[in-house]
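One structure is given below, encoded as structure tokens.
Only heavy atoms go into these numbers, but all of them, side chains included; no hydrogens, no water, no symmetry mates.
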Amino acid sequence: MPLYWRVCLINGLVFVVGTAALALAPVTVSATVLVSEAVVLVLGLIGIVVLNSVLLRTSLAPLDRLIRLMDTVDLQRPGRRLPESGTGAVGQLVRGFNAMLERLETERGRSNAKALEAQEAERHRIARELHDEIGQGLTAVLLGLKQLSSRVPAAVQLELMEVQETARATLDEVGGVARRLRPGVLEDLGLQSALASLATDFSSHGMQVRRITSPGLPDLGSERELVIYRVAQEALTNAARHSKARTVRLSLQRQGMTVILAVDDDGIGLRGAEEGTGIRGMRERALLIGAELTVGPGESGTSVRLTVPLEAGR
């Protein structure tokens, strides 16, 4: 039944009940309404209004739940659905909304997968160009400066050495950027070695990173390992750049049928700040592999948890 006719039916039913009660009740109304009669009329009116509101509230309650869900739905936290009950217009609306959420989440997952795949490909291309072109160019500059140092006057050798050091530092920085863009150690040596290298890189920039990994971790596959690595990389970057942390605990351990990556820092914490693009990017990556990401206050700073489910038999 359409919602309009359902409301009309409820109101008509209430009017019929009120009319029947007025006709059957031993109550009369004088030409000049007495106080007792006014009291009876007011009570009857209140009863009709209450009955009408209860019936309407019961009929439209699923619509209210739908509106509340629409106000709070977040595609980065999928899986929220309304219970599907009833065959009326409201029930059809709830089922249609649940089906729309399912399609949106599916399409968003596919789009994000393609976007992240393109992003990783672009990272690899830029890292390769940095290594092959800029890196080799700077290496040639260093070799040229080294050969030139033996033929210049002693008065300018100090300045030449400073230029060499600047070129060497630039070459190291380019190599670091290339490694961050494309984690070659992840492809060559595996996840634990990649996390160890990541912890060493951040420790060399003034932040102490304590790494804890449990032995015998199962093979997670290249896609899951890349997601874990990128989440750890982003969490450490946030700790160094925004949290002003001095010590970070990085752990990767198995718990039952899950592998949990935990990054805890002793920084200033979130302080009620809204999630930025970095955290949203971590959530998008977690959704790709069916993992759950939680970011919140820790014991002394910010705590990041990535819970990755394992496949049966691992």
Side-chain angles (χ1 to χ4, degrees), residues 115-213 219-248 250 252 261 263 265 267 277-278 281-282 285:
L116 291 175
E117 183 180 354
Q119 184 185 78
E120 288 297 331
E122 186 67 12
R123 284 172 179 259
H124 285 198
R125 185 188 66 80
I126 296 175
R128 186 172 57 252
E129 290 183 357
L130 286 174
H131 180 271
D132 296 344
E133 297 182 12
I134 299 179
Q136 291 181 6
L138 287 173
T139 302
V141 170
L142 281 173
L143 293 175
L145 291 173
K146 185 177 180 180
Q147 294 177 357
L148 186 63
S149 62
S150 61
R151 293 182 302 206
V152 298
V156 297
Q157 281 191 355
L158 181 59
E159 296 180 4
L160 186 61
M161 290 178 59
E162 292 179 354
V163 174
Q164 283 182 292
E165 290 301 321
T166 301
R168 186 175 292 108
T170 303
L171 180 61
D172 293 339
E173 184 63 26
V174 168
V177 172
R179 287 193 301 272
R180 289 192 292 272
L181 287 173
R182 183 190 180 191
V185 65
L186 177 63
E187 300 174 358
D188 300 334
L189 302 178
L191 179 60
Q192 296 199 41
S193 298
L195 292 179
S197 176
L198 190 64
T200 302
D201 288 343
F202 277 91
S203 296
S204 63
H205 288 79
M207 185 175 66
Q208 181 182 2
V209 181
R210 297 169 48 206
R211 186 175 59 88
I212 302 174
T213 56
D219 181 19
L220 300 173
S222 59
E223 185 179 16
R224 294 185 179 188
E225 288 184 351
L226 180 59
V227 169
I228 292 174
Y229 178 85
R230 290 301 188 196
V231 170
Q233 185 182 42
E234 183 64 33
L236 290 174
T237 301
N238 289 339
R241 185 177 300 171
H242 304 296
S243 295
K244 301 178 182 178
R246 293 178 295 178
T247 304
V248 180
L250 172 65
L252 182 67
L261 170 73
V263 183
D265 64 61
T277 56
M282 289 192 290
R285 292 184 181 276

[atom1]-[atom2] distance between [X] and [Y], expressed to the nearest 0.5 angstrom:
{"X": "Leu191", "Y": "Ser222", "atom1": "CG", "atom2": "OG", "value": "11.5 Å"}
{"X": "Leu160", "Y": "Gln164", "atom1": "CG", "atom2": "CD", "value": "5.0 Å"}
{"X": "Leu250", "Y": "Thr213", "atom1": "CG", "atom2": "OG1", "value": "9.0 Å"}
{"X": "Asn238", "Y": "Met282", "atom1": "CG", "atom2": "CE", "value": "5.5 Å"}
{"X": "Gln233", "Y": "Phe202", "atom1": "CD", "atom2": "CZ", "value": "6.5 Å"}
{"X": "Met207", "Y": "Thr237", "atom1": "CE", "atom2": "OG1", "value": "8.0 Å"}

inquiry  = Using every non-hydrogen atom in the two residues, find where Asp265 and Ser243 come nearest and quote the distance to one decimal.
reply    =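 Distance-wise, the nearest heavy atoms are OD2-OG, 3.8 Å.
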ask   = So which heavy atom on Ser203 is nearest to which on Val209, and how close?
value =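 Minimum heavy-atom separation between Ser203 and Val209: OG-N, 3.3 Å.
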inquiry  = Treating Thr170 as the side-chain partner and Thr166 as the backbone partner, does any N or O pair qualify as donor plus acceptor under 3.5 Å?
reply    =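 Pair found, side chain donor or acceptor close to backbone of Thr166.
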inquiry  = Using the rule given for side-chain contact (heavy atoms from CB on, under 4.5 Å), can you reason through Glu225 versus Asp219, listing the C-alpha separation, both sets of side-chain angles and the distance that settles it, and then say yes or no?
reply    = CA-CA 9 Å; Glu225 288 184 351; Asp219 181 19; 3.9 Å; yes
ask   = Which pairs count as salt bridge (Lys or Arg N to Asp or Glu O under 4.0 Å) when at least one residue sits in residues 152-168, sequence neighbours excluded?
value =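 Passing the test, one end in residues 152-168: Glu165-Arg168.
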